[in-house]
Asks: 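Submitted below is the structure of interest, expressed as structure tokens.
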Amino acid sequence: MAIRVTFWGVRGSIPVPGPTTVKYGGNTSCLELRFGPSDRLIVMDLGSGVRELAGVIMKKDLPRGPLKAKVFLTHTHYDHIMGFPFFTPIFIPGTELDIYGPVTYEEDTLDKIVGDQLRYRYFPVRLEELRAKISYFQLKEGSLDLGGGLRVTTKYLNHPILVLGYRYEFDGKVFCTAYDHEMFQNVFDVKPDDPGYDPAAVKEGEIAAREENEKVLKFFEGADLLVHDTQYTHKEYLAGKKGWGHSSFEWAINAANRAGVKHLALFHHDPLRSDQELEGLLRAYTSALKGKTTMRVSVAQEGKTIEV
Ligand SMILES: [Zn+2]
Ligand SMILES: [Zn+2]
């Protein structure tokens with residue numbers, strides 16, 4: 001199989017270990033990507049799940065020599081970087097890590113945002129004491145040739161800070177991510193009785209939002225696997241979660257289906273969502289889709305691998 005994606009953290013916002021999250025997992029975002037027969041590794045996000053991944057790397061990769069890998073961050077919200085101090089390879093001499101990600105304010109550089117977690121005020125080891133060579137690269141929208149037939153393309157998504165979606169293409173297969181992401185909304189969407197109501201602006205906002213959403217669909221067109229933010233149900237979204245930067249299950253399913261995605265993995269589960277609720281939601285959406293699409297839908301689960 002060309003691309004293998006293993007989930008080590010699937011939660012949004014904060015780790016939530018406990019009896020109600022045993023099945024799907026309670027760690028925050030971290031994905032292990034492996035490419036081709038050489039098992040080339042890319043890490044996506046450094047949420048609390050990266051501690052588990054570190055254990056796998058120690059067993060699987062370290063015996064073959066020092067770890068040289070790339071890390072791609074979707075963004076720098078704390079749930080996506082908090083596991084960095086617990087990523088054991090950074091304490092091993094010879095490790096070389098290239099960390100890529102977007103920054104919202106140029107003065108807040110990636111090395112400061114991620115690396116400053118290793119200060120005595122937060123952690124017993126300082127950045128200067130690390131034995132690894134860590135390099136940081138600030139990413140914008142664009143496309144990178146990673147060599148060996150692997151290409152990655154990035155796309156800005158809709159979230160309170162800059163977030164990049166990723167599209168990896170390798171050996172004829174496509175793997176995409178779209179989290180943390182909320183469908184683009186009409187920024188001029190005000191009621192007619194609002195003093196700032198301007199029908200022309202409302203119409204313009206409507207068109208702009210539609211265009212942006214179409215661009216996102218185009219971005220994950222034909223993906224063999226798409227990992228998409230589904231923090232809320234549509235009902236929850238409408239009841240006060242608009243503008244929080246996350247999608248609904250309904251939005252993600254419709255968008256993926258329209259874009260011809262083959263397998264959609266529901267991801268960035270709300271910290272309050274229990275295993276039982278996730279199972280129930282998956283059952284309901286699967287039966288609603290029956291006979292209408294060939295797209296597979298699954299719930300991202302810690303320790304599980306999806307191959308494409
Ligand atoms: Zn998040
Ligand atoms: Zn976020």
Side-chain angles (χ1 to χ4, degrees), residues 5-17 21 24-33 43-53 71-87 99-105 108-110 112-114 116-117 138-141 154-166 176-185 212-213 216 219-220 226-233 236-237 240-249 251-252 255 264-274 277-278 281 299-302:
V5 178
T6 306
F7 298 97
W8 295 107
V10 296
R11 284 289 151 182
S13 315
I14 190 164
V16 281
T21 59
Y24 292 107
N27 279 305
T28 63
S29 297
C30 178
L31 272 59
E32 172 190 5
L33 317 184
V43 179
M44 276 207 69
D45 279 344
L46 298 166
S48 67
V50 82
R51 196 191 64 86
E52 293 277 339
L53 171 57
V71 176
F72 286 97
L73 300 174
T74 55
H75 62 313
T76 56
H77 271 161
Y78 192 45
D79 52 324
H80 297 257
I81 62 166
M82 68 191 334
F84 177 62
F86 300 91
F87 187 51
I99 302 181
Y100 295 77
V103 295
T104 305
Y105 311 102
D108 282 341
T109 52
L110 202 57
K112 264 203 230 157
I113 300 170
V114 177
D116 273 7
Q117 295 182 78
Q138 288 173 205
L139 265 192
K140 296 185 161 70
E141 251 184 5
T154 53
K155 163 94 190 74
Y156 288 131
L157 301 175
N158 187 30
H159 202 55
I161 64 167
L162 278 189
V163 170
L164 286 172
Y166 287 84
C176 270
T177 65
Y179 68 87
D180 296 359
H181 173 59
E182 174 175 355
M183 45 285 210
F184 286 92
Q185 300 288 339
E212 287 305 315
N213 286 324
V216 174
F219 180 68
F220 45 70
L226 168 68
V227 173
H228 200 296
D229 186 327
T230 52
Q231 184 141 346
Y232 307 125
T233 64
E236 290 164 352
Y237 177 76
K241 310 287 191 193
K242 259 190 181 182
W244 288 31
H246 299 288
S247 295
S248 67
F249 291 91
W251 169 266
L264 167 69
L266 312 171
F267 185 75
H268 206 270
H269 311 316
D270 192 275
L272 293 171
R273 189 92 55 214
S274 68
E277 282 176 308
L278 280 169
L281 286 166
V299 174
Q301 182 173 353
E302 278 176 36

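All values reported here derive from a predicted model rather than from experimental measurement. These values consider heavy atoms only, across backbone and side chains, with no hydrogens, waters or symmetry-generated copies. Counting starts at 1 for both ligands and their atoms, in listed order.
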Asks: Could you list the residues that satisfy salt bridge (Lys or Arg N to Asp or Glu O under 4.0 Å) with D116, not counting sequence neighbours?
Replies: R119
Asks: Verify whether one side chain among N158 and E212 offers a donor that lies under 3.5 Å from an acceptor in the other.
Replies: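 N158 vs E212: no donor-acceptor pair found between side chains.
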Asks: Who passes salt bridge (Lys or Arg N to Asp or Glu O under 4.0 Å) against E141, sequence neighbours left out?
Replies: K155
Asks: Exactly one of H268, H75, H181 should register a ring pair (Phe, Tyr, Trp, His ring centres under 6.0 Å) with H159. Which one does?
Replies: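 Option passing the ring pair (Phe, Tyr, Trp, His ring centres under 6.0 Å) with H159: H75.
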Asks: For the Zn ion (ligand 2), which protein N/O/S atoms are closer than 2.8 Å?
Replies: H75 NE2, H77 ND1, H159 NE2, D180 OD2
Asks: Residues two or more places apart in sequence or in another chain: which of them pass salt bridge (Lys or Arg N to Asp or Glu O under 4.0 Å) with R273?
Replies: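 By the salt bridge (Lys or Arg N to Asp or Glu O under 4.0 Å) rule, R273 matches E236.
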Asks: Given side-chain contact (heavy atoms from CB on, under 4.5 Å), test D45 with L31 step by step and report yes or no.
Replies: CA-CA 7 Å; D45 279 344; L31 272 59; over 6 Å; no
Asks: Report the atom name of the nearest N/O/S atom of H268 relative to the Zn ion (ligand 1).
Replies: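 The H268 atom nearest to the Zn ion (ligand 1), restricting to N, O or S, is NE2.
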